[in-house]
Amino acid sequence: MDLDSQSSFFAILAAVLLFVVVFSVLKGLLRMILLAIAITTAIVTWIFVQNKGFTLLSFITSTPRPWMVQTVAWTSAALVLFLFFYVMNWFAHIFSPTKGKAGVCGLISTSLMCVLMMWVATVAVSYYGTISRVSYYHDLAEAHFHGAATPDVPLFTRGKQLIRTMPALAWLESVDPLESASQSNLACIVAYGCSLSEAEYTRFYKEKLEPLNIPHSSRFLDLFGDEGLRKLVAEEQFVSLLENDRLNTFLHYNGTYKKLESPWQVEY
């Protein structure tokens, strides 16, 4: 075989190997994405039936029971997973029993990767829900004091609240590294107060915050009057507001952190 033939042969061999590697990576990525979609869809179905189960069952029986809702929810989730697995098995033979031990190992590793992806996605949704909630309280202050339209609770905030109030999913809060109820609640208070004039936020403090028995609660007035914080709120830089050092300092004063852990709402 001459030099040109050898070069052509090795070039073709390299191209084939590259194709095999790329195809394997893409196949694994596709498998992971499809499995993640299957699991996510099953969870969404389970949550939907948990919340709407009594309404759905009212078309069948006039006296729906909690156990009926649970049965329908888990059955629906299992059916969704079965359908996805059936389609994936037909489409790509990912879960073929002929693969034996390697197939089982692949399924386990793929499942773990999907769980990791879902955890990251949940953390992202939770964090965006927190930021949306801070923005919501800025809009709420405008509605309460300046005649703006009453805002709707943001979609991501409602999604986060739904996830966190489900008993089976409540544990997610404990493994969320970005979650801090006290920090979120304080940021909402500051976004609300910094949207008001001095007379307005003083009234707000007297009526709503002073009764909370926060240590040295007049510190709220200092936050509301802080030009830097007011600028962040006016420019709607709510991520920077949430992470602001002044808020962290406020929280760590004499147990304030504990006082602001419970959900905080403006009630007018």
Side-chain angles (χ1 to χ4, degrees), residues 47 118-145 148 150-167 169-196 201 204-205 207-226 228-268:
I47 293 174
M118 291 180 62
W119 175 73
V120 172
T122 301
V123 170
V125 169
S126 173
Y127 187 72
Y128 191 77
T130 297
I131 301 301
S132 299
R133 178 171 176 254
V134 177
S135 173
Y136 167 74
Y137 277 102
H138 162 61
D139 296 338
L140 204 60
E142 294 293 333
H144 288 164
F145 284 87
T150 302
D152 295 326
V153 179
L155 177 62
F156 277 93
T157 301
R158 284 189 279 119
K160 175 181 178 178
Q161 291 172 343
L162 177 62
I163 292 173
R164 295 297 166 85
T165 54
M166 300 296 293
L169 302 177
W171 61 271
L172 287 170
E173 185 169 359
S174 63
V175 294
D176 187 343
L178 302 180
E179 178 68 19
S180 172
S182 298
Q183 189 176 15
S184 172
N185 291 334
L186 179 58
C188 289
I189 295 174
V190 172
Y192 192 99
C194 285
S195 303
L196 309 176
Y201 70 63
F204 165 60
Y205 164 74
E207 293 180 356
K208 295 296 177 181
L209 300 180
E210 203 169 34
L212 296 180
N213 296 319
I214 302 295
H216 190 28
S217 62
S218 61
R219 294 178 296 145
F220 280 118
L221 297 175
D222 297 332
L223 294 180
F224 298 158
D226 184 273
L229 296 179
R230 294 183 68 84
K231 182 178 179 182
L232 290 178
V233 173
E235 296 177 354
E236 299 187 1
Q237 298 183 33
F238 299 116
V239 174
S240 299
L241 176 66
L242 183 66
E243 305 293 341
N244 191 272
D245 287 338
R246 286 215 61 186
L247 272 63
N248 291 328
T249 301
F250 184 99
L251 287 172
H252 287 89
Y253 176 82
N254 199 22
T256 302
Y257 190 92
K258 293 290 184 182
K259 289 284 187 178
L260 288 175
E261 279 186 334
S262 59
W264 178 85
Q265 295 181 343
V266 181
E267 297 177 355
Y268 268 77

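Computation of the quantities below employed the complete heavy-atom set of this structure, encompassing side-chain atoms and omitting hydrogens, waters and symmetry-equivalent molecules.
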In the structure I gave you, are the side-chain heavy atoms of [X] and [Y] within less than 4.5 Å of one another anywhere?
X: L232; Y: V190; value: no
X: L229; Y: L247; value: yes
X: R133; Y: N185; value: yes
X: D139; Y: Y136; value: no
X: L251; Y: L260; value: yes
X: L223; Y: C194; value: no
X: Q183; Y: E243; value: yes
X: N244; Y: F250; value: no

Practice prompt. Kindly say whether the aromatic ring centers of Y192 and F204 come within a distance under 6.0 Å.
Written response: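 Yes, ring centres under 6.0 Å apart.
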
Worksheet entry | Ring-ring centroid check F220 Y201, cutoff 6.0 Å |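 They do not qualify: ring centres at least 6.0 Å apart.
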
Worksheet item: Would you say S195's side chain and A191's backbone share a donor-acceptor pair under 3.5 angstrom?
Response: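 Looks like yes, one N/O pair under 3.5 Å.
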
Testing the basics here: between [X] and [Y], what is the closest heavy-atom pair and its distance to 0.1 Å?
X: N213; Y: K259; value: O-CE, 3.6 Å
X: S132; Y: T157; value: CB-OG1, 3.4 Å
X: D222; Y: R246; value: O-NH1, 3.9 Å
X: L196; Y: A141; value: CD2-CB, 3.9 Å
X: F224; Y: I189; value: CE2-O, 3.5 Å
X: T150; Y: A143; value: CA-CB, 3.9 Å

Worksheet item: In terms of the angle between their ring planes, are F156 and Y128 parallel, tilted or perpendicular, with boundaries placed at 30° and 60°?
Response: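 Aromatic pair F156/Y128 classed perpendicular.
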
Practice prompt. Would you check if there is a donor-acceptor pair between the side chains of Y205 and S218 at a distance under 3.5 Å?
Written response: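 No, no side-chain donor-acceptor pair sits under 3.5 Å.
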
